[in-house]
Amino acid sequence: MCIWRRLASVCHVLHAPRNDLNDARTTNLTSNMSVRVRFAPSPTGYLHIGGARTALFNWLYARHMGGTFILRVEDTDAARNSQEAVNVILDGLRWLGLDWDEGPLTADATGPGKGDRGPYFQSRRKENYALRVEALLSRGLAYESEGAVRFRMTREPVLVRDLVVGDVTRALTDREEQDPDFVIMRSDGSPVFHFVNVVDDLEMGITHVIRGEDHLSNTAKHVALFKAFGVEPPQYAHIPLILNADGSKMSKRDTGAALTYYMENGYAPEAVLNYLCLLGWSARDGREVIPLPELIANFDLPQILRHNARFDHEKLKWMNGEYLRAMTADRFYEMSVHALARAGVDTNAFPTAYVKAALDTCMGKLRLFTDLPAYAGFYFTDRVEMDADAKAALTPEARDRLKKLRDAYAGAADFKAATLETILKDTAKALGVKNGVLVHPIRFACTGKPSGPSLYHLLEILGRDRVMQRIDATLAA
RNA sequence: GACCCUAUCGUCCAGCGGUUAGGACACCGCCCUUUCACGGCAGUAACCGGGGUUCGAAUCCCCGUAGGGUCGCCA
């Protein structure tokens, strides 16, 4: 694999551009081997999780190689294109932390961008495409037919050298056998995907095309186009697809198909990013929770698997829990407040110190931020909702013991966790029961639930007034 | 229909000619514990089928089967 990679690099140089279509920038590129990769999504209104992983692999490779990561918006389909749709992509990439070195800065195609190989919106590159079409026409490599421009496709099998899949020889299908040529410019003058994709990769000096395996078969067309322009195609790396748990294709409607699902459902971006890496790639040393710098250091194309992977939501949740546990208190606090606000829990109504103390008791206990409202909602409400189990557990006998505990707490010198624990245990001993017999009723009274944060700590944070009030309300009910 | 890719526990990965086929998630049991988590220990569970090559195949080759992808004036 390494050997042919090096050979391919040499070939690339040997086949340096030799016709007038290739300007100085392209020539310059082939002489310095700095890696340039791109993520080229179409603004359809959502960012597919598989697309997010494609972006991630491109980004990781660029960072690993010290190369350039380019974002190019393939907005040739005017009907589906909108700034809102572009923003979904920009927001998604930013959420994951995938910063691009070249590309748009805003969703506005006419707006500012960075990089000197633009424009980075295809809708702004019409002249480039027109010139390229003209060049092919003038050399007889394309021709007009029924108002459209068609490219003269080779009838010979095309060799695609892929860093992931290996050498692939693509023969024509029976349908292509009848008419191998394909349209590169429609009768309305707009260029077609295969064409603009190649033109842009060529003009932007893309060295490695890392994309989904669904493009593998079409790569023959791209290779033929590159050759028609007189240059060697870039290196290809077709990565396997992400499927649903049942092995079916992940389409828009499927749960978790869109990146926004994770943004809105309590996931930490670093956990999603880490999990995505593990689909079709591994560090080989058995580690799975891997810090980003090490991900970058270890990532490479040849280790990418060749078969599709099914998305395991359970494992992602586990990994999310791992990241929540390792998170700094400040970040946990910030993300928690957002998650609570999204669920309609307004923490602003409470003192900051109280909110922080309350959230401290939740650290390390959750897998998703969306679990937080149910887990810690009792801190931020005046009315505790008793669930069915809680009600059933509050038998007359339990109420009687709760009353005893209430009286003991009423006389507590202070309301610190350690004190409360001592008092509860002493009370249990005096009643001749196990600690748990008292623990459960008071937890129910104060939180309404059978499980939650450490009892003594949550009591301390709620404070004497709230605790007494909740016990009394429970006893009165 | 044709072309292309793929095939190890339920899932994600390790394995790259000789291993008691390893790890993670999930699941089950036990321990820890104020609940729930976490953590610790143990367990169930896999090389798609058939032919070759080889002293020896999960690993290499062929066929079959299955899954996925592609053959647009969609991207």
Side-chain angles (χ1 to χ4, degrees), chain A residues 40-44 74-77 79-81 122 145-150 157 160 162 164-166 168-180 182-194 196-197 212-221 238 240-241 243 245-249 275 278-289 303 305-319 321-322 325 362-367 371 375 417 420-421 424-425 428 434-440 442-444 447 449-459:
Chain A
S42 178
T44 57
E74 305 220 336
D75 59 343
T76 53
D77 188 346
R80 282 195 285 184
N81 179 36
Q122 291 187 333
S145 169
E146 296 172 30
V149 178
R150 300 169 69 87
V160 177
D162 193 287
V164 171
V165 188
V168 175
T169 304
R170 165 67 153 79
L172 294 178
T173 67
D174 55 356
R175 227 162 285 193
E176 292 166 333
E177 202 74 63
Q178 294 173 17
D179 181 13
F182 57 93
V183 171
I184 55 174
M185 183 177 272
R186 304 183 184 89
S187 38
D188 67 358
S190 63
V192 168
F193 167 75
H194 297 300
V196 296
N197 195 265
E213 197 210 76
D214 49 341
H215 287 294
L216 183 56
S217 288
N218 285 147
T219 304
K221 291 178 180 172
H238 286 92
L241 304 179
L243 307 177
D246 66 0
S248 62
K249 186 181 180 179
Y275 177 72
L278 265 28
L279 257 25
W281 178 85
S282 81
R284 297 203 171 172
D285 57 5
R287 284 191 315 154
E288 303 201 305
V289 180
Q303 327 162 28
L305 268 352
R306 287 161 287 277
H307 59 264
N308 295 342
R310 301 179 186 210
F311 199 99
D312 185 346
H313 286 276
E314 283 307 312
K315 187 155 184 175
L316 204 209
K317 285 180 192 167
W318 162 76
M319 182 159 285
E322 294 291 303
R325 204 162 294 118
C362 303
M363 271 218 56
K365 313 268 273 184
L366 306 166
R367 298 210 303 177
D371 292 338
Y375 192 82
L420 297 171
E421 179 171 1
L424 184 140
K425 286 181 175 171
K434 288 183 156 185
N435 298 338
V437 172
L438 289 180
V439 165
H440 292 291
I442 189 169
R443 177 183 288 283
F444 283 135
T447 74
K449 290 186 160 42
S451 66
S454 163
L455 177 68
Y456 308 115
H457 294 279
L458 76 84
L459 292 177

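The structure presented is a predicted model; accordingly, all values stated were derived computationally and were not measured. Side-chain atoms are counted along with the backbone in the values below, which use heavy atoms only and exclude waters and symmetry mates. Chain letters run A, B, ... following the sequence lines, proteins first and then strands; every chain starts at 1.
- Proximity note for A/His307 (side chain, C-beta onward) versus B/rU6, B/rG1, B/rC12: the nearest is B/rU6.
- B/rA57 sits 15 Å from B/rU20 when the P atoms are compared, rounded to a whole Å.
- Counting any heavy atom pair closer than 4.0 Å across all strands shown, A/Gly452 reaches a base atom.
- A donor N or O paired with an acceptor N or O is found under 3.5 Å between the base of B/rC73 and the side-chain atoms of A/Ser187.
- Here A/Arg170 does not reach the OP1 or OP2 of B/rC5: none of its side-chain N or O atoms lies under 4.0 Å away.
- Under 4.0 angstrom from either OP1 or OP2 of B/rC71 there lies at least one side-chain N or O belonging to A/Asn218.
- Qualifying ring-ring contact (aromatic ring centres under 6.0 Å, His included) partners for A/Phe193, counting only residues two or more places apart in sequence or in other chains: A/His215.
- When both pairing distances are held under 3.5 Å, B/rC9 makes no Watson-Crick or G-U pair with any nucleotide shown.
- Counting non-hydrogen atoms under 4.0 angstrom, A/Arg443 reaches a base of the nucleic acid.
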Take nucleotides 20-25 of chain B nucleotide by nucleotide from the 5' end and write B, S or -, depending on whether a protein heavy atom sits under 4.0 Å from the base, only from the sugar-phosphate, or from neither. ---BBB

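- Across all strands shown, B/rC60 forms a Watson-Crick or G-U wobble pair, both distances under 3.5 Å, with B/rG52.
- Contact annotation for A/Leu366: no contact, since no heavy-atom pair falls under 4.0 Å across all strands.
- One can place NZ of A/Lys221 at 13 Å from C1' of B/rG69, the figure rounded to the nearest angstrom.
- Both the sub-6.0 Å distance and the 45° axial angle are satisfied by A/Lys221 relative to the ring of A/Phe182.
- A/Thr447 comes within 4.0 angstrom of no nucleic acid atom, judged by non-hydrogen atoms across all strands.
- Taking atom CG of residue A/Asn308 and atom P of nucleotide B/rU6, one finds them 11 Å apart after rounding to whole Å.
- Residue A/His313 has no polar side-chain atom (N or O) positioned under 4.0 Å from OP1 or OP2 of B/rU11.
- The phosphate of B/rA75 has OP1 or OP2 within less than 4.0 Å of a side-chain N or O from A/Arg186.
- Contact annotation: A/Ser282 side-chain N/O to B/rA14 OP1/OP2 distance is under 4.0 Å.
- Distance CG (A/Leu172) to P (B/rU70): 18 Å, rounded to an integer number of Å.
- B/rC4 sits 29 Å from B/rC9 when the C1' atoms are compared, rounded to a whole Å.
- For the P atoms, the distance from B/rG29 to B/rC36 is 14 Å, rounded to whole Å.
- Contacts of A/Tyr275 with the nucleic acid, taken as non-hydrogen atoms under 4.0 Å apart, are absent.
- The separation between A/Leu241 atom CG and B/rA7 atom C1' is 15 Å, rounded to whole Å.
- Using a 4.0 Å cut-off, no side-chain N or O of A/Ser217 falls inside it from OP1 or OP2 of B/rG69.
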